Amino acid sequence: MTAAHCDGRTDETAHRTVTVTADSVTERTAGRHDDVPLLTTARLNELARELREDIERLTGRADVPDASDVSVTVRMTSRWECRRPPGSDPVQRTRLEAVTEIRVPRDGRTAPVVWQWAGPDPLAALRSATAQLTGEIRAAATALPLSGTFTGDIVLAPETAVHFAHETLGHSLEADNYHDYAARSGLRLGLRIATEALTVTDGPRPGEPEQLESTYRTDDEGHPATLTRLVTDGVVTGVMTDAAHATLQRLPRTGNGRRSLGTGPAQPRMSALSVAAGSTPAADMIRSVRRGLYCRGAWGGGSVEDLFVIRPGYAEWIEDGALTGVLVRRLDIKGNKTAALRALRQVGDDVACFNPVTGCGKNGQELPVGVAAPSLACEDLTAVPVPGPRPRRDDPAPGRPL
């Protein structure tokens, strides 16, 4: 791909989206399409239909009551963008995005399960997430809401752990946040904040078999991307910087000055956050728990200064070191970031990548941020119920679970 499509004077983007349901196909486009490398409508339609067929097979395996009433919508997008960092040649990028919404019948309503992936092979990614998605579909149909606050042992599967790492560590070690609250909250350079099994980096990892999609060669200030070691053996060893905060805090520049297309100045932002594999199998984590929760899937998370929240897709109760088959949903895991990291006791050997379509928002800018993480086992984490929707007029009583 050459720079012929992009003059570099201004940011530019284009996309083509095809949405497929059981009985309709729609297309939406934005930006110019005459000379940019977008996939054709026919190819996007083909990929969307293949994803729908795979998800329908998963629904059958999940033993969902009223499976014939499950609806599946798939949105496939081919996206192109061009930006020009200061003093650098124009940078072009294309990516394929898949978002699926599965509506599962539940007590006269429908409960949603959403799966997303940004990368070259969404079909392979979906198939590698079979166990996760099957469990989420089953939980949407049958799990009861968490009935009360629980504090204790919680094991996070990789697809949940990526959000824990993103919210507790990633945001805290962005240089502006590090300056404003993290350093004085205990996440300070040179301090031990977690078990020696925890090592975390941000940035490109050349030679790895599966790269996170949010890696890049230079940031939006023209500085080369570097692999920044944020935590080494449980000790804080790095902070992600842009030019301004590197100067302000006398820190090394790490190539993390990023901005959304068409917006203002760059900010210190994560790019591709990676928690290194530990040595503990997830099964051993579960066996070590007398009573606790095993969390899978994720709706996302958020943070405000030194507080965080993540929302698993569902959880399964653990009793005496074994999964019970009792599923709960509509729960948040929340608390103080530093305390949660100090509660981390085991790091799994089962790293998985999360390449989201929806971006991470910060100060009005949204950017793609990939994360890789293994299972994580924590003690003294807190899970709280998520309030349900208001009852409909024809509901016999309030409080019906979704």
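Quick caveat, the model's predicted, so the values are computed rather than measured. Numbers here simply count residues along the sequence, with the first being 1.
For the atom pair CZ (R296) and CD (E316), the distance works out to 9.5 Å, reported to the nearest 0.5 Å. The structure places CG of L381 at 9.5 Å from CZ of F150, a figure rounded to the nearest 0.5 Å. Atom OG of residue S271 and atom CE of residue M240 lie 8.0 Å apart, to the nearest 0.5 angstrom. The distance from atom OG1 of T237 to atom CG of L191, rounded to the nearest 0.5 Å, is 12.0 Å. With rounding to the nearest 0.5 angstrom, the CG atom of L173 is 7.5 Å from the CG atom of L189. Summarising the geometry, atom OH belonging to Y181 is positioned 9.0 Å from atom OG1 belonging to T338; distances are rounded to the nearest 0.5 Å.
Residues T151 and T382 bring a donor and an acceptor atom of their side chains to less than 3.5 Å of each other. Residues S78 and R43 bring no donor and acceptor atom of their side chains to less than 3.5 Å of each other. Side chains of D202 and T228: a donor-acceptor N/O pair is absent below 3.5 angstrom, by distance only.
Salt bridge annotation for E81-R79: absent, with no cationic side-chain nitrogen under 4.0 angstrom from a carboxylate oxygen. Of the charged side-chain nitrogens involved, at least one lies within less than 4.0 Å of a carboxylate oxygen, so that R311 and D332 count as a salt-bridged pair. A salt bridge is defined here as a Lys NZ or Arg NE, NH1 or NH2 lying under 4.0 Å from an Asp or Glu carboxylate O, and K337 with E167 fails to meet this definition.
Applying the salt bridge (charged side-chain N to carboxylate O under 4.0 Å, His left out) rule to pairs touching residues 355-375 yields E174-K362, D176-K362, sequence neighbours excluded.
Here the closest non-hydrogen pair linking A183 and R188 is O-NH1, 3.4 Å.
Below 30°, between 30° and 60°, or above 60°: for H163 and F354 the angle between ring planes is between 30° and 60°, a tilted geometry.
With sequence neighbours excluded, the residues satisfying salt bridge (Lys or Arg N to Asp or Glu O under 4.0 Å) with R52 are E56.
Exactly one residue among I55, L133, V72, L58 makes a side-chain contact (heavy atoms from CB on, under 4.5 Å) with V113. That residue is L133.
Here the side chain of D380 pairs no donor or acceptor atom with the backbone of A343 at under 3.5 angstrom.
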